[in-house]
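When reading the values below, keep in mind they use all heavy atoms of this one structure, side chains included, and skip hydrogens, waters and symmetry mates.
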Amino acid sequence: MSRLNEMRMYTWNSQGLNYVDTNLGLKEKQEYFKNSEGESIKDLEDAFKAYEYGLSDETKSENKEFRNFSIYRDVEGKKDFESIELKLDDENNILVAGIDINARENSESSFLISAIGEGENLYLNSQVRVNVANKAKVKLVVVTNFGESSTNLQSITTIVGEDALLDISYIEIGADYSVVNIKNILKGDRAQVIEDGIYFKEKDQFLDILANNDHYGNDTDSDAMFNGALKDNAHKNWKGVVDLKHGCSKADGKIGDYSMMFSDNVKNKTAPILLCTEKEVAGNHAASVGRLNKEMLFYIMSRGFDKKQAESMMLEATFSKALDKIEDESLRDELKETVHKMNTRN
């Protein structure tokens, strides 16, 4: 058994949030139908040597040993939007992927990484690393939408330099068993991270998310908000950590998770955590379960909708902020339709 998403500072053991026990199943490297693109980027490799990241040492070793698809992007100047598809199906059901993006100083870029697929026993181990150099701007949207009988292991790690901006979104609509680690390292002074996340889990699906925003630079700012919904027998763990490191004077970190539960049988565990070893900082963390704005709910119902219809409309409106960041119109519309179907209740 391997411990995935192990928290640096443990919370209550009884909650079962400190780590996830998982058996990693790969024994050999599998072929993948796409060819890798690019070569390893020294600046990015050097930047990441200084930090701990990823789901676990075991998943990182598996990713290195059995990787069958790699993408390397070294960005200078202003780059056009790029969509990177991690596709799985019955014939290509195992993907061990690595995506490295090095955004050089003053560059601007936008990436969509979509992990999608239908088929039996799909398995994804994906490692995404993004180095946002000084004064660079990066928009990154990661989408996961798998069918039944699927395992999703994703690590997304970013380093954000001085006066740099990262706009990052994680969207998960489908995957039977999913463990996701998102770490943003605000290294440079005045580094800024805007983070959105949404998830919708149903049936017996399981999701464990560990979202870290680690502040090192002065005047850094992170604002992370996750919104989700659970139905049937779904189980979700969410751990959101703002880590204000010693020396990050005047840093400001905010993180929250707001989850709707549409069944008495779901399991929803949420732990917003604030760690601080610096005096002159600001930090906020919050969580809410099963609540919607009562005034808005009453207003929609006053227009002729029943309570369940009004709740569904409000949920889809909440999801729209993150979904609208998807620049691929076809994928965006497909996901909105999927959310609508999952959200329809009798």
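Note on L165 and L186: separate hydrophobic clusters, where clusters join Ile, Leu, Val, Met, Phe, Trp and Tyr whose side-chain heavy atoms are under 4.5 Å apart, directly or indirectly. Two different hydrophobic clusters hold L44 and I99 under the rule that ILVMFWY side chains link at heavy-atom gaps under 4.5 Å. Side-chain heavy atoms closer than 4.5 Å link hydrophobic residues (I, L, V, M, F, W, Y) into clusters, and following such links, possibly through other members, connects V128 to L95. Note on I209 and I194: separate hydrophobic clusters, where clusters join Ile, Leu, Val, Met, Phe, Trp and Tyr whose side-chain heavy atoms are under 4.5 Å apart, directly or indirectly.
Atom NZ of K187 sits in a sparse spot, with 12 or fewer heavy atoms from other residues, nucleotides or ligands closer than 6.0 Å. The local environment of CG in N35 is sparse, with at most 12 non-hydrogen atoms from other residues, nucleotides or ligands closer than 6.0 Å. Enclosure of atom NZ in K87 is not indicated, since only 12 or fewer non-hydrogen atoms of other residues, nucleotides or ligands lie within 6.0 angstrom. At most 12 heavy atoms of other shown residues, nucleotides or ligands fall within 6.0 angstrom of atom CD in E148. With a 6.0 Å radius and a threshold of 12 heavy atoms from other residues, nucleotides or ligands, K325 has its NZ atom above the threshold. Counting non-hydrogen atoms of neighbouring residues, nucleotides and ligands closer than 6.0 angstrom, the NZ atom of K250 reaches no more than 12 such neighbours.
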**Q.** Stepwise side chain to side chain contact (heavy atoms under 4.5 Å, CB included) check, L331 with N145
**A.** CA-CA 10 Å; L331 178 61; N145 187 21; 5.8 Å; no

Q.
side chain to side chain contact (heavy atoms under 4.5 Å, CB included) for N265 and D232? Distances and angles first, verdict last.
A. CA-CA 6 Å; N265 298 320; D232 303 326; over 6 Å; no

Q: Run the numbers on I255 and V242 for side chain to side chain contact (heavy atoms under 4.5 Å, CB included), then give the verdict.
A: CA-CA 7 Å; I255 197 163; V242 173; 3.6 Å; yes

Q.
Does S155 form a side-chain hydrogen bond (donor to acceptor under 3.5 Å, both in side chains) with N181? I'd like the steps, not just the answer.
A. CA-CA 5 Å; S155 164; N181 184 287; 4.9 Å; no

(Q) Is there a salt bridge (charged side-chain N to carboxylate O under 4.0 Å, His left out) between R3 and E58? Walk through the geometry before answering. (A) CA-CA 9 Å; R3 288 185 175 182; E58 290 83 358; over 6 Å; no

**Q.** side chain to side chain contact (heavy atoms under 4.5 Å, CB included) assessment of I159 paired with Y51
**A.** CA-CA 9 Å; I159 300 173; Y51 301 101; 3.8 Å; yes

Q | Working for side-chain hydrogen bond (donor to acceptor under 3.5 Å, both in side chains), residues S169 and E195 | A | CA-CA 6 Å; S169 301; E195 182 174 13; over 6 Å; no

Q: List the steps, then state whether side-chain hydrogen bond (donor to acceptor under 3.5 Å, both in side chains) holds for S110 with E327.
A: CA-CA 9 Å; S110 177; E327 295 183 48; 2.5 Å; yes

Q.
Quick one, T270 with D257, criterion side-chain hydrogen bond (donor to acceptor under 3.5 Å, both in side chains). Give me CA distance, side-chain angles, the key distance, then yes/no.
A. CA-CA 7 Å; T270 298; D257 175 53; 3.1 Å; yes

(Q) The test is salt bridge (charged side-chain N to carboxylate O under 4.0 Å, His left out); show your working for K201 and E172 and say whether it passes. (A) CA-CA 8 Å; K201 311 305 289 183; E172 179 165 324; 2.7 Å; yes

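Between F66 and Y123, the distance separating the two ring centers is not shorter than 6.0 angstrom.
Counting heavy atoms from C-beta on, the side chains of N152 and F146 come closer than 4.5 Å. Between F111 and V75 the shortest side-chain heavy-atom distance falls below 4.5 Å. Within the 4.5 Å cutoff, side-chain heavy atoms of D214 are placed close to those of K245. Here the side chains of I156 and K183 are not in contact, with every heavy-atom distance at 4.5 Å or above. With contacts defined as side-chain heavy-atom distances shorter than 4.5 Å, the pair V130/L140 qualifies.
Side-chain contact check for E91 and N93: no donor-acceptor pair (N or O, by modelled atom type) lies under 3.5 Å. Side-chain N/O atoms of D176 and S150 include no donor and acceptor closer than 3.5 Å. No donor-acceptor contact under 3.5 angstrom links the side chains of S178 and Q205, judged on distance only. The closest side-chain donor-acceptor pair between D328 and S83, if any, does not fall under 3.5 angstrom. Side-chain contact annotation: Y72 with S36, donor-acceptor N/O pair under 3.5 Å absent. Between E278 and S249, the side chains place no donor N or O within less than 3.5 Å of an acceptor N or O (distance only, hydrogens not considered). Side chains of E6 and N18: a donor-acceptor N/O pair is absent below 3.5 angstrom, by distance only.
With respect to the salt-bridge test (charged N to carboxylate O, under 4.0 angstrom), the residues K135 and E162 do not qualify. Under the 4.0 Å criterion applied to side-chain N and carboxylate O atoms, K336 and D324 are assigned as salt-bridge partners. With respect to R129 and E45, a salt bridge is recorded, a charged nitrogen being found less than 4.0 Å from a carboxylate O. Looking at D46 and K49, a side-chain N of the basic residue comes within less than 4.0 Å of a carboxylate O on the acidic one, giving a salt bridge. A salt bridge between D163 and R190 is present, with a side-chain N of the basic residue lying under 4.0 Å from a carboxylate O of the acidic one. Ion pairing between a basic and an acidic side chain is recognised when a charged N comes within 4.0 Å of a carboxylate O; D100 and R73 show no such pairing.
Summarising the geometry, atom CG belonging to D243 is positioned 8.5 Å from atom CG belonging to L274; distances are rounded to the nearest 0.5 Å. Here CD1 of I84 is found 5.5 Å from CD1 of I71. Values are rounded to the nearest 0.5 Å. The distance from atom CG of N63 to atom CG of N125, rounded to the nearest 0.5 Å, is 4.5 Å. Atom CD1 of I173 and atom OG1 of T144 lie 9.5 Å apart (nearest 0.5 Å). Residue L335 holds its CG atom at 13.0 Å from CZ of F200, rounded to the nearest 0.5 Å.
Formation of a donor-acceptor pair under 3.5 Å by the K231 side chain with backbone atoms of M342 is found in this model. Using a distance-only test at 3.5 Å, with no hydrogens or angles considered, no donor-acceptor pair links the side chain of S114 to the main chain of I116. Under the 3.5 Å distance criterion, the side-chain polar atoms of N237 are left unmatched by any main-chain donor or acceptor of D208. For S320 (side chain) and E316 (main-chain N/O), a donor-acceptor pair under 3.5 Å exists by modelled atom type. In terms of modelled atom types and a separation under 3.5 Å, the side chain of K137 and the main chain of L166 share no donor-acceptor contact. Under the 3.5 Å distance criterion, the side-chain polar atoms of N68 are matched with a main-chain donor or acceptor of Q30. Using a distance-only test at 3.5 Å, with no hydrogens or angles considered, no donor-acceptor pair links the side chain of S107 to the main chain of E76.
Of the candidates Y170, W238, Y199, Y170 is the only one forming a side-chain contact (heavy atoms from CB on, under 4.5 Å) with V180. Residue I182 forms a side-chain contact (heavy atoms from CB on, under 4.5 Å) with just one option from I168, L210, N212, and that option is I168.
A perpendicular orientation is assigned to the rings of H235 and F206, their planes being inclined by more than 60° (bins at 30° and 60°).
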